[in-house]
Structures are given as structure tokens and as C-alpha cells.
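Right, one structure below, let's go through it.
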2 protein chains.
Amino acid sequence: MVETRKEEIIRVAARLFKEKGYSAVTMRDLAKAMGIKAASLYNHIDSKQDILKTIIISLAEEFTAGMVTILQSEISSLNKLKRIIALHVGITGENTDGMASLNNDWMHLEEKLDYYLMLRINYEDNFRKIIREGIAAEEIVDKDPDIMLFSILSTLRSLYIWIPDKKNLDPLQLSHELSAILLNGINKKVKKIS
Amino acid sequence: MVETRKEEIIRVAARLFKEKGYSAVTMRDLAKAMGIKAASLYNHIDSKQDILKTIIISLAEEFTAGMVTILQSEISSLNKLKRIIALHVGITGENTDGMASLNNDWMHLEEKLDYYLMLRINYEDNFRKIIREGIAAEEIVDKDPDIMLFSILSTLRSLYIWIPDKKNLDPLQLSHELSAILLNGINKKVKKIS
DNA sequence: GTCTATATTTTGATAGAC
DNA sequence: GTCTATCAAAATATAGAC
């Protein structure tokens, strides 16, 4: 599939947004990075806001779709968490720059802000539900589910910062190592009931 | 100690920067939040950049000082990590809003950018060193130290988002619960050697 | 599809009165 | 310490030629 000019603009914009944030990137910055004049951008996109909307909503819907698939699968809670980790590693690997906007610039969405917030809250609720089920099934330690959710999700949401530095690691391997550390911890001598 | 007008401006600015980011907050926004006109701000601060610099550098130096103390203490690597976790919980609890700028707006520093980057890299290097020592001492599992560093630090750096929602939890308790989850993981049945 | 030219608004910051 | 008035630069976006 060939990249349209609009897609190219969005890809380059995501890269710039990652470096300085949506608000600090001007249409002139974007035009210069594309090798054209700012006015020419408007032949392909409606507005600066249009670019942000496209980047964020498409990613948010990808995560939502991934979560739905995981929820439907009949596997243990721990394995669902592993698949969530793989989902984040996968999407972030495919669109590292866009993930920066999703994480840092969602508050600058105008028309689509409410829709985004709904998807985000839904995602977190489903994530928390999986943790609670894991606790009930005695797969997961009986501690505050919010702290576990926060801890894991913070790491997964920061992947975009860190994945570019680890280009040598393939997604599958990174997924496995990350799962091991997030789920089993780093303490070598753990008191457990196994 | 009484809050000076300059300190008040910086406190209010940090709150606004947390909501929309440094670039999206105008001096008029800040003035309105202070109940004065934009021009009046300049009787107390030199520039918008001056505010950002103050917020970020003071926090970065606090973390650096905390890390120095921890490095000097003669305790196990795991206990050093616990003290780092407590350091983040403590500083973030004291200045939640400022932590947003430290994490998200450091790239907008002008004059002090190089200094900040030096402190940041130093901090991460010391953090990594503690993890490596823990592996060598067989306190910490022998996995990629960068992934462990990334995972723990991502969570700690995101505390500012999450601490305001958990106002009921006292810092000491949060520190302990977070240490348990970050160091021991959430998996109830873990293969271990103890 | 890109350009030049330009309209309109907003921005950080200063000068000087009170 | 705050105000009004104002400046100069920079922002998003449009119109119309090529």
C-alpha cells in the first residue's frame, strides 16, 4: 500500500509532536519538515486539530479492539495480562511516534475529546476487571488492584519513549521479558505460596 | 514560612502546566488564574521560561540530592531501591503539579537544558548501577537491567498523575505497597529459589 | 499540488501612570 | 504591585495565481 500525501503529513507530524508536543509544533515547522510551504498543507488536511484527531483516535480504537479480543478469549487472567502487554508492545512498535500524542496530547483534542475519554476509561475499567478476576481466582496477589493497574499501565504507556532505544530487541522477546518483570517482579528471593 | 508572590505564581503556573503543558499555557491564562493582569506578572518573574526553569531545576536537584544520600547508605541493593521508591513518592506528594513539568516539559528548557539532561542521565546511571549491584549480589533476578530500570522508573515518573486520586493513602503506606508490587510482582505463584 | 500574499488572532513582553 | 496601552513577532488559516 502506497502512502498518500495526507498519511505522510500525519506521520511526519507525529514525529514532531513526539519531540516537542502538539502545542509547540507549528504548521510552519511541519511544512518545513515536509519540504513544502505551510499553506500547501491545507490542500491535504483540514486543520492542525484534524491531524491530532487522526493520530489519537485511530490508536485509541486499536487498543479498544485489542482489549475486546482479549476479553473474549478463554484464558487465565495472567495470560490475559500477558496479551495486554503484547498488545502495547505491538502497537507501540508499529507507531511509536503516534503513541507520544496519545499519551501526552489527548487533552488538546477538541471535538473528539469526550469520545477519547470514554474509550480510555473503558479500557482502564476492563484492565482493572481482569486484575480483579485474577485476584478472585487466586492467580494474582491480593493487593490494591488500582496500584497494580497503575504500575503496569504506566510502564506500558511509557514504552514509546524506550522502544526506539531498543531497536535490536524483537517485539516477541521484549513482550516476554516485560511480562516476566511486570508480573513476577525483580526480587530473586520472594516469599510465595507455590 | 510565608509564600512570596513569586512562589505563588510558580505554584499556580505548575498547576496550569500540568493540565495543558507549558506551551499551551499563556501568560494571560496564568494572570487570570492569579486574578491579575498579564503585565503584572512581570513585576515578579523575568519571563515564562523563568517559571519553567524554577519548577524543573529545583525538582531535578531534589532527586539528585536524594540519590546521593541513598548511594552513600550502606544497605542492600533491594533496600536502596525501596528508598528510591520512597524518594519518588515523597517528592511527588509534596509537589505533584511540578512533577508534571519535570516529566513532560523539560524539552522546553532553554538555557538550563544541558544542565537538566546531565542531572537526568546521572540519575538514571546511578539507578542502573544499583540494579546491577543487586544482580551481582544475587538479590535481583538476572534479567536485562535496562528493562527493569525502565519498568520501575516509568511507574515512579507517572506517580504525579495518580497520587491526587489516592489522597486517602498516606505516603508511607503507598511506598510500601508500591515497593511490594514493583519488586515482588503481582503473580501469586512464582518459581523462585528461596 | 504548491506557491505568494495576506487576513486575523494570539503571543510574550515593555513603558509608564497610579 | 497593579493597571492600561501598546509593540513586535508568530500563530492558524484562506484566496487565488500557476
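Here is the naming used below: chain letters follow the sequence lines, and residue numbers restart at 1 for every chain. Because the structure is a prediction, the values reported are computed rather than measured.
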Exercise. Look at B:S40 and D:dC3 and indicate whether a side-chain polar atom (N or O) is within less than 4.0 Å of OP1 or OP2.
Key: yes
Show me the donor-acceptor pairs within less than 3.5 Å that the side chains of residues 83-93 of chain A make with the rest of the protein, sequence neighbours left out.
unit_1, atom_1, unit_2, atom_2, d
A:H88, NE2, A:Y123, OH, 2.8
A:T92, OG1, A:H88, O, 2.6

Quiz prompt | Path from B:L172 to B:W162 over hydrophobic side-chain contacts below 4.5 Å | solution = no
Practice problem: Using whole Å, report how far CD1 of A:I36 lies from P of C:dG1. | Solution: 10 Å
Quiz prompt | Close approaches to DNA chain D from residues 5-18 of chain B, in residue order (heavy atom, under 4.0 Å) | solution = B:R5
Show me the side-chain donor-acceptor pairs of residues 5-14 of chain B shorter than 3.5 Å, one per line, residues at least two apart or across chains.
unit_1, atom_1, unit_2, atom_2, d
B:R5, NH1, B:E8, OE1, 2.7
B:E7, OE1, B:T4, N, 2.9
B:E7, OE1, B:T4, OG1, 3.4
B:R11, NE, B:E3, OE2, 2.7
B:R11, NH2, B:E3, OE1, 3.1

Quiz item: Between the main-chain N or O of A:E110 and the side-chain N or O of A:Q49, is there a donor-acceptor pair closer than 3.5 Å?
Solution: yes
Exercise. Answer yes or no: is there a donor N or O on one side and an acceptor on the other, between the side chain of B:D50 and the main chain of B:I45, under 3.5 Å?
Key: no
Quiz prompt | Contact state string [nucleotides 5-18 of chain C, B base, S sugar-phosphate only, - no protein heavy atom under 4.0 Å] | solution = B-----BBBBB---
Exercise. Indicate whether any N or O donor in one side chain lies under 3.5 Å from an N or O acceptor in the other, for A:N43 and A:S40.
Key: no
Exercise. Nearest whole angstrom, please: distance from the C1' of C:dC3 to the NZ of A:K32.
Key: 16 Å
Quiz item: Given axes from five pairs at either end, by how many degrees does the helix from C:dG1-D:dC18 to C:dC18-D:dG1 bend, rounded to 10°?
Solution: 10°
Practice problem: Say whether, by atom type as modelled, one donor and one acceptor occur between the side chain of B:S154 and the main chain of B:S151 under 3.5 angstrom. | Solution: no
Practice problem: Calculate the interatomic distance between A:E110 atom CD and D:dA13 atom C1'; express it in whole Å. | Solution: 14 Å
Quiz item: Does the side chain to side chain contact (heavy atoms under 4.5 Å, CB included) test come out yes or no for B:D125 and B:R128, once each step is laid out?
Solution: CA-CA 5 Å; B:D125 284 347; B:R128 195 182 293 105; 3.0 Å; yes
Exercise. Round to a whole Å and report the spacing from CG of A:N43 to C1' of C:dT2.
Key: 8 Å
Practice problem: Measure the spacing between CD of B:E133 and NZ of B:K80 and express it to the nearest 0.5 Å. | Solution: 5.5 Å
Quiz item: Do any N or O atoms from the side chain of A:N79 and from the backbone of A:I75 form a donor-acceptor pair under 3.5 angstrom?
Solution: no
Practice problem: Using whole Å, report how far NZ of A:K37 lies from C1' of C:dT2. | Solution: 11 Å
Exercise. Apply side-chain contact (heavy atoms from CB on, under 4.5 Å) to A:M118 and list each qualifying residue two or more places apart in sequence or on a separate chain.
Key: A:Y115, A:N122
